[in-house]
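Sequence lines set the chain letters: A, B, ... in the order given, protein chains first and strands last, and positions in each chain run from 1. Everything quoted here is computed from the prediction, not taken from an experiment.
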Protein chains: 2
Amino acid sequence: MPKAARKTHPARAAQQPLERLEALCLERGQRLTRQRRAVLRQLLVEGRALSAYELLERLRPEDGRSTPAGVYRALEFLMQAGVVHRLESTRSFILCEHPEAPHTGQLLICRGCGEVVEAEDERVSAATGRLGEQLGFSLDQRVVELTGLCGRCRTQHAAQAQ
Amino acid sequence: MPKAARKTHPARAAQQPLERLEALCLERGQRLTRQRRAVLRQLLVEGRALSAYELLERLRPEDGRSTPAGVYRALEFLMQAGVVHRLESTRSFILCEHPEAPHTGQLLICRGCGEVVEAEDERVSAATGRLGEQLGFSLDQRVVELTGLCGRCRTQHAAQAQ
DNA sequence: GCGGCAAGTGATACATTGTATCATTTGTCG
DNA sequence: CGACAAATGATACAATGTATCACTTGCCGC
Ligand SMILES: [Zn+2]
Ligand SMILES: [Zn+2]
Ligand SMILES: [Zn+2]
Ligand SMILES: [Zn+2]
């Protein structure tokens with residue numbers, strides 16, 4: 001499975017969020033501060049989902065004044081901006097893979113290796129939207145988190161069982 | 001909107017979980033104990049999602065020895081049995097509305113009144129299943145939680161805005 | 001520059017949610 | 001009854017998330 005089919009290229013991944021953030025800050029009179037950049041960068045270099053406290057651990061060495069509240073505030077900002085997603089089922093946070101526009105996606109989580117793949121599946125979006133309508137809900141948040149084993153982990157698992 | 005279209009009748013709702021639980025206990029050599037019944041009953045009488053600690057508060061008066069661990073253990077058991085669901089996005093627990101068989105459903109959560117409606121939408125299930133296949137995942141858990149305003153709350157909201 | 005203002009941070013303390021451990025009790029079966 | 005697994009009680013703790021308020025920072029108009 002070619003990685004490019006699922007993942008944004010790292011160089012672009014690094015650039016796009018910054019662009020979005022700068023635009024958003026201008027628009028709303030907000031600031032793209034040191035702390036917010038630091039959290040974003042950490043999620044980028046790690047390349048996987050991290051809990052708020054894992055982020056804190058990694059930020060402390062370079063900024064001893066980081067606090068839980070600070071990290072959560074930065075994450076809140078980044079989520080509002082649409083460049084970070086929260087994984088409800090693992091209480092962690094991950095960089096958005098499609099930050100070019102705000103969106104409602106789906107997250108697939110491998111319980112073997114922890115990899116998270118972000119999808120934007122039209123059928124799923126349509127189906128959940130229609131379900132909301134049917135039941136008279138006006139939706140403003142859609143959490144779709146699918147957990148299982150990715151292809152790589154499944155073959156490994158099968159190999160070990162023999 | 002007729003309630004019967006969405007909700008199992010209370011009398012049945014009370015009966016079905018017990019049947020399922022008794023069957024499951026026989027099958028696995030487990031016990032349907034006082035504590036497990038108490039948690040189930042509390043979720044039933046409350047008729048809405050409760051956090052583990054809200055449950056604990058309500059159980060303490062009638063059983064002063066309840067502990068967090070005990071409540072979580074009971075909830076774990078009830079979830080395994082398929083008669084209770086956990087809402088990841090609100091960290092709470094709710095009685096299953098369709099306990100006749102284990103299933104992967106969708107939960108719609110009203111942020112106005114807290115009502116939770118459980119759906120079993122074939123299109124959503126199919127779409128998420130197909131998405132998993134496409135990305136090479138073998139899924140074993142599907143969290144679909146859609147948050148918004150229910151019809152009632154939306155009309156109230158609109159009325160207040162005037 | 002500089003005073004005023006909103007946005008953001010630091011520091012502290014606290015609230016909520018979830019687990020680990022181990023001794024004890026309870027139910028079941030022979 | 002006695003043995004055994006299932007379940008609980010008790011305690012302590014880990015992990016996750018927020019409230020508050022004084023202080024700082026950047027920006028804007030003067
Ligand atoms: Zn995204
Ligand atoms: Zn994997
Ligand atoms: Zn259900
Ligand atoms: Zn409502």
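For the pair A:E57 CD and D:dA14 P, the computed distance is 14 Å after rounding to whole Å. Put simply, CZ on B:R34 is 8 Å from C1' on D:dT8, counting in whole angstrom units. Atom-to-atom, CG of A:L55 to P of D:dA15 comes out at 15 Å; the value is rounded to the nearest Å. One can place CZ of B:R86 at 9 Å from C1' of C:dT17, the figure rounded to the nearest angstrom. As a whole-Å value, the separation of B:F93 CZ from C:dT16 P is 16 Å. Between the OH atom of B:Y72 and the P atom of D:dG9 there is a distance of 17 Å, rounded to whole Å. Atom CD in A:E76 sits roughly 15 Å away from atom C1' in D:dT16 (whole-Å rounding). Distance A:L56 CG to C:dG10 P: 12 Å, rounded to the nearest Å.
A donor-acceptor contact closer than 3.5 angstrom is absent between the side chains of A:R142 and A:T104.
Proximity note for A:R31 (side chain, C-beta onward) versus C:dG10, C:dA7, D:dA7: the nearest is C:dA7. Relative to the side chain of B:A69, the nucleotides C:dA20, D:dA7, C:dT17 differ in distance, and C:dA20 lies closest. The B:R65 side chain lies nearest to D:dA10 when the options are C:dT12, D:dA10, C:dG10. Out of D:dT18, C:dT19, C:dG10, the shortest distance to the side chain of A:R73 is found at C:dG10.
Distances shown here put a side-chain N or O of A:T33 below 4.0 Å from the OP1 or OP2 atom of C:dT9. Contact annotation: A:R36 side-chain N/O to C:dG8 OP1/OP2 distance is under 4.0 Å. Within the structure, every side-chain polar atom (N or O) of A:T67 is placed at least 4.0 Å from both OP1 and OP2 of C:dT9. Close to C:dG8, at under 4.0 Å from its OP1 or OP2, lies no side-chain N or O of A:R37. For the OP1/OP2 pair of D:dT8 and a distance below 4.0 Å, the side-chain nitrogens and oxygens of B:Q35 include at least one atom meeting the criterion.
Comparing B:L32 and B:G64 against DNA chain D, the residue whose closest nucleotide sits nearer the 5' end is B:L32.
Within the nucleic acid shown, A:S51 comes within 4.0 Å of sugar-phosphate atoms alone, with no base atom in reach, counting heavy atoms only.
Taking a centre distance below 5.5 Å and an interplanar angle below 30 degrees as the stacking criterion, A:Y53 stacks against the six-membered base ring of D:dT16.
Salt-bridge check for A:D63 with A:R34: passed, with a basic side-chain N closer than 4.0 Å to an acidic carboxylate O.
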Q: Test A:Q42 against A:V39 for side chain to side chain contact (heavy atoms under 4.5 Å, CB included), laying out the working first.
A: CA-CA 5 Å; A:Q42 212 33 252; A:V39 169; 5.7 Å; no
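Atom CG of B:L56 is separated from atom CG of B:L50 by 11.5 Å, given to the nearest 0.5 angstrom.
B:H85 and B:H103 have their aromatic ring centers within a separation under 6.0 angstrom.
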